[in-house]
Amino acid sequence: GNATAQGISLWAGVGGSREAGVSTFPKDAKQLGAQVTLPLIPVGLRADALMLGSSLDTDNISYNVNAVARMPLPIVQPYAIVGRGRYVTAPDVPKEMGWNYGVGARVGVGRLGAFLEMRKHDPLKRTITTIGVTF
């Protein structure tokens, strides 16, 4: 069988950006996501929650839904990601609709693995680099 992750996998990571962009939040970020990948189809669907800073409050969390186009190779799976979501740019400011896009690579077998990705998030005007685990 195919050793790449299929079915539902969970993604969790930490990261940050060099630029502040338009956001008043700190540059560090935490990411949680769930991805659905079907056999024989190289595009998966991932829903993410992105928390800026360290205050666990729904007002500090951006949400997005992404298409993930992966190369279904053994062990290392490079991928491209693009999605749309609702972004928080500052405390007590309504969330704005926006886009994100980027690239990454996942290393692992089955659902267990590690990933490194870099995504540009608009309207934040930040490029966030994230490292994390899949399970």
Side-chain angles (χ1 to χ4, degrees):
N2 190 342
T4 61
Q6 293 179 0
I8 296 176
S9 57
L10 300 178
W11 294 60
V14 294
S17 64
R18 282 199 286 278
E19 73 273 44
V22 299
S23 178
T24 63
F25 284 102
K27 295 178 191 176
D28 62 309
K30 286 98 182 152
Q31 174 187 314
L32 283 177
Q35 183 168 316
V36 177
T37 305
L38 300 175
L40 307 177
I41 301 174
V43 178
L45 190 64
R46 190 196 313 168
D48 283 335
L50 178 69
M51 187 176 85
L52 302 175
S54 54
S55 176
L56 184 56
D57 182 330
T58 55
D59 292 339
N60 301 351
I61 298 177
S62 301
Y63 304 96
N64 50 68
V65 176
N66 309 285
V68 181
R70 62 189 170 84
M71 292 183 67
L73 303 174
I75 311 299
V76 178
Q77 298 102 37
Y79 62 89
I81 184 167
V82 63
R84 184 136 172 89
R86 290 176 56 87
Y87 286 90
V88 59
T89 57
D92 304 316
V93 172
K95 291 184 171 131
E96 291 182 47
M97 292 303 291
W99 292 92
N100 73 86
Y101 52 91
V103 294
R106 184 185 168 281
V107 178
V109 175
R111 288 184 181 88
L112 293 177
F115 72 95
L116 174 66
E117 76 180 22
M118 184 178 285
R119 276 197 274 174
K120 176 77 173 185
H121 293 267
D122 287 313
L124 295 177
K125 308 286 188 234
R126 287 187 184 185
T127 301
I128 298 176
T129 302
T130 305
I131 188 166
V133 295
T134 65
F135 48 96

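Computed from heavy atoms alone, side chains included, the values below leave out hydrogens, waters and symmetry copies.
- Smallest separation of non-hydrogen atoms from Glu19 and Ser17: O-OG, 2.8 Å.
- Looking only at side-chain heavy atoms (C-beta outward), Ser62 and Asp48 stay at 4.5 Å or farther from each other.
- Taken from NZ in Lys120 to OH in Tyr101, the straight-line distance is 6.0 Å, to the nearest 0.5 Å.
- Remark: Thr130 OG1 to Lys30 NZ distance equals 11.0 Å, nearest 0.5 Å.
- Residues Val109 and Val107 share a hydrophobic cluster, clusters being chains of Ile/Leu/Val/Met/Phe/Trp/Tyr side chains in contact below 4.5 Å.
- In this structure, Val93 and Thr89 approach most closely via the heavy-atom pair CG1-OG1, 4.1 Å.
- For the pair Ile81 and Val103, the minimum side-chain heavy-atom distance is 4.5 Å or more.
- Side-chain contact between Thr127 and Arg18 is absent, with no heavy-atom pair separated by less than 4.5 Å.
- Between Val43 and Leu38 there is no side-chain heavy-atom pair separated by less than 4.5 Å.
- One N or O on the side chain of Arg126 and one on the backbone of Ala20 form a donor-acceptor pair closer than 3.5 Å.
- For the residue pair Gln31/Arg119, the side-chain donor-acceptor check at 3.5 Å is satisfied.
- In this structure, Gln35 CD and Thr37 OG1 are separated by 4.0 Å, a value rounded to the nearest 0.5 Å.
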Please determine whether side chain to side chain contact (heavy atoms under 4.5 Å, CB included) holds for the pair Asn66 and Leu45, giving the CA-CA distance in whole Å, both sets of side-chain angles, and the decisive distance to 0.1 Å.
CA-CA 6 Å; Asn66 309 285; Leu45 190 64; over 6 Å; no

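- Here the shortest heavy-atom pairing between Phe135 and Ala12 reads CE2-CB, 4.3 Å.
- Side-chain contact between Phe25 and Leu124 is absent, with no heavy atoms from C-beta onward closer than 4.5 Å.
- In terms of heavy atoms, Tyr79 sits closest to Leu116 at OH-O, 4.2 Å.
- No more than 12 heavy atoms of other residues, nucleotides or ligands shown are found within 6.0 angstrom of CD1 on Ile8.
- For the salt bridge (Lys or Arg N to Asp or Glu O under 4.0 Å) test, no residue two or more places apart in sequence or in another chain qualifies with Asp59.
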Run the numbers on Arg86 and Met97 for side chain to side chain contact (heavy atoms under 4.5 Å, CB included), then give the verdict.
CA-CA 4 Å; Arg86 290 176 56 87; Met97 292 303 291; 3.2 Å; yes

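- Across every non-hydrogen atom of Pro123 and Val22, the tightest pair is O-CG2, 2.9 Å.
- Connection of Val133 to Ile131 is not established within any shared hydrophobic cluster, with ILVMFWY side chains joined at heavy-atom distances below 4.5 Å, either directly or through further cluster members.
- Between Leu52 and Ile128, some side-chain heavy-atom pair lies under the 4.5 Å cut-off.
- In this structure, His121 and Asn100 have side chains that are in contact, with non-hydrogen atoms separated by less than 4.5 Å.
- When the side chains of ILVMFWY residues are joined at heavy-atom separations under 4.5 Å, either directly or via intervening members, Ile41 and Val36 end up in a single hydrophobic cluster.
- Formation of a donor-acceptor pair under 3.5 Å by the Thr134 side chain with backbone atoms of Trp11 is not found in this model.
- How far CZ of Arg111 is from CZ of Arg106: 10.0 Å, rounded to the nearest 0.5 Å.
- Between the side chain of Lys95 and the backbone N or O of Gly85, no donor-acceptor pair lies under 3.5 Å.
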